[in-house]
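To keep things clear, I will list the structure first and then write my remarks on it.
Keep in mind that what you see is a predicted model, and the values were worked out from it rather than measured.
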Amino acid sequence: MNDKVELPRHTIFLYTQGDNGGRLIESQVIGLINDYSGDRLLVVRDSYNDLKFVYRIEIDTHNLEAVGVVHLSEEQFDSKASVEIEHLAYRLGSAEQAVRLLRKRTQWIQDKSSAMSVLLDYTASRRQRLSTPRSIDREKILAIPADTPVETLEEIVSIRNAAAATEAVGSPASEALGQDFTGHFQEKDGG
């Protein structure tokens with residue numbers, strides 16, 4: 001039996017800005033969403049919360065501008081199905097097609113203001129939709145700093161597993177360890 005967690009084949013490194021500065025985070029490429037006018041949108045799974053962000057690709061600036069969050073499965077992208085989102089029809093493309101669209105570039109810059117706008121909209125509605133991002137006007141980052149720290153998917157998975165294990169230790173079942181065999185809490189001396 002193989003207990004090894006298999007990491008996805010198609011990934012990119014997404015430069016994201018946070019309170020502690022910027023970092024490159026390895027993220028899984030899920031596939032493409034094509035509208036019938038020919039616009040192609042990239043779908044990438046956020047490595048920390050598993051949301052599937054939809055990005056408009058700006059090849060010239062190497063920026064990914066968030067336009068939505070979707071709840072589609074990887075199998076739907078692999079089957080190249082058609083889906084309806086907010087009464088509009090879209091065709092799906094595989095992760096391999098998405099990676100080809102990126103022209104072998106593995107490092108991209110997430111437009112922070114559009115990502116925040118999409119995340120706020122999704123949190124408020126809990127619906128998948130694609131729209132023009134209502135981002136705050138500010139200069140786009142055009143280059144990734146040379147000394148940017150990198151987080152691989154393997155590191156992120158191990159951090160998440162450690163956090164889940166720590167949370168499990170603090171669960172009610174583990175608190176029962178402070179009880180005697182009758183299930184009653186032992187009284188501690190008040191001093």
Side-chain angles (χ1 to χ4, degrees), residues 4-33 40-74 77 94-124 126 128 130-170:
K4 205 174 197 183
V5 173
E6 195 169 315
L7 295 173
R9 275 187 11 202
H10 303 292
T11 63
I12 59 172
F13 288 90
L14 195 55
Y15 179 74
T16 59
Q17 293 177 302
D19 296 336
N20 306 357
R23 57 194 171 158
L24 280 166
I25 300 173
E26 187 175 17
S27 304
Q28 181 183 3
V29 175
I30 303 294
L32 284 177
I33 294 180
R40 292 174 156 187
L41 304 170
L42 181 70
V43 180
V44 176
R45 182 189 313 270
D46 184 285
S47 299
Y48 283 98
N49 59 29
D50 290 332
L51 289 177
K52 294 174 187 144
F53 279 92
V54 181
Y55 294 104
R56 180 173 292 116
I57 303 165
E58 293 183 7
I59 296 289
D60 299 337
T61 62
H62 309 296
N63 271 255
L64 296 179
E65 188 176 69
V67 296
V69 172
V70 293
H71 306 286
L72 304 170
S73 71
E74 292 175 46
F77 286 97
S94 69
E96 288 182 23
Q97 290 173 311
V99 169
R100 276 193 300 252
L101 182 66
L102 297 175
R103 301 179 184 171
K104 297 184 181 182
R105 182 169 177 83
T106 59
Q107 294 184 356
W108 291 86
I109 301 166
Q110 180 189 56
D111 181 78
K112 182 179 180 179
S113 59
S114 69
M116 289 303 294
S117 175
V118 162
L119 193 55
L120 289 171
D121 182 57
Y122 171 74
T123 303
R126 290 287 180 201
Q128 61 182 3
L130 306 178
S131 63
T132 304
R134 297 178 301 272
S135 60
I136 302 163
D137 286 333
R138 62 183 210 161
E139 288 187 35
K140 289 189 183 283
I141 297 172
L142 300 177
I144 299 169
D147 59 344
T148 301
V150 176
E151 294 182 25
T152 65
L153 271 176
E154 196 171 274
E155 293 168 336
I156 294 167
V157 166
S158 68
I159 290 168
R160 288 175 69 180
N161 288 342
T166 301
E167 188 176 303
V169 169

At what distance, to the nearest 0.5 angstrom, does CD1 of Ile25 lie from CD1 of Ile12?
11.0 Å
With a 4.5 Å heavy-atom cut-off, do Val70 and Leu130 have their side chains touching?
yes
In the structure I gave you, are the side-chain heavy atoms of Trp108 and Ile144 within less than 4.5 Å of one another anywhere?
no
Reported CG-to-CZ distance for the pair Leu42 and Phe53, which is rounded to 0.5 angstrom
12.5 Å
Do Arg9 and Glu96 come close enough that some side-chain heavy atom pair is under 4.5 Å?
yes
Which heavy atom of Pro149 sits nearest to which heavy atom of Gly22, and what is that distance?
CD-O, 3.5 Å
Smallest heavy-atom separation, Ser114 atom then Ala66 atom, equals OG-N, 3.0 Å
With the side chain counted from C-beta on, respond yes when Gln110 and Tyr55 share a heavy-atom pair under 4.5 Å apart, and no when they do not.
yes
Parallel, tilted or perpendicular, as decided by the 30° and 60° cut-offs, for the rings of His71 and Tyr122:
tilted
Counting only heavy atoms not in Arg40 (residues, nucleotides, ligands), do more than 12 fall under 6.0 Å from its CZ?
no
Non-hydrogen side-chain atoms of Glu154 and Glu26 separated by less than 4.5 Å
no
Return the OG to CD1 distance between Ser94 and Ile30, rounded to the nearest 0.5 Å.
11.5 Å
Shortest non-hydrogen contact between Arg160 and Ser47, atoms and distance:
NH1-O, 3.1 Å
Closest contact, heavy atoms only, Val44 versus Ser27:
CG1-CB, 3.5 Å
Got a second to check how far Thr106's OG1 is from Leu24's CG, nearest 0.5 Å?
9.0 Å
Nearest 0.5 angstrom please: Tyr15 OH to Arg23 CZ, how far?
11.0 Å
Taking the side chain as C-beta and beyond, is there a heavy-atom pair between Thr61 and Ile109 under 4.5 Å?
no
Under the criterion side chain to side chain contact (heavy atoms under 4.5 Å, CB included), I'd like the reasoning laid out for Leu64 against Ile57: C-alpha separation, chi angles, the key distance, then a yes or no.
CA-CA 5 Å; Leu64 296 179; Ile57 303 165; 3.9 Å; yes
Please answer whether the main-chain N or O of Val43 pairs with a side-chain N or O of Lys52 as donor and acceptor at a distance below 3.5 Å.
no
Least distance between heavy atoms, Thr11 atom then Gln28 atom:
CG2-CA, 4.2 Å
In this structure, CZ of Arg56 is separated from CG of Leu41 (nearest 0.5 Å) by 6.0 Å
Heavy-atom distance under 4.5 Å between the side chains of Asp50 and Arg45, does that happen here?
yes
Looking only at atom types and distance, does a side-chain atom of Asn63 sit under 3.5 Å from a main-chain N or O of Glu65, one as donor and one as acceptor?
no
Under 3.5 Å: donor-acceptor pair, side chain of Ser117, backbone of Ser113:
no
When you measure from the side chain of Gln107 to the backbone N and O of Phe13, does any donor-acceptor pair fall under 3.5 Å?
no
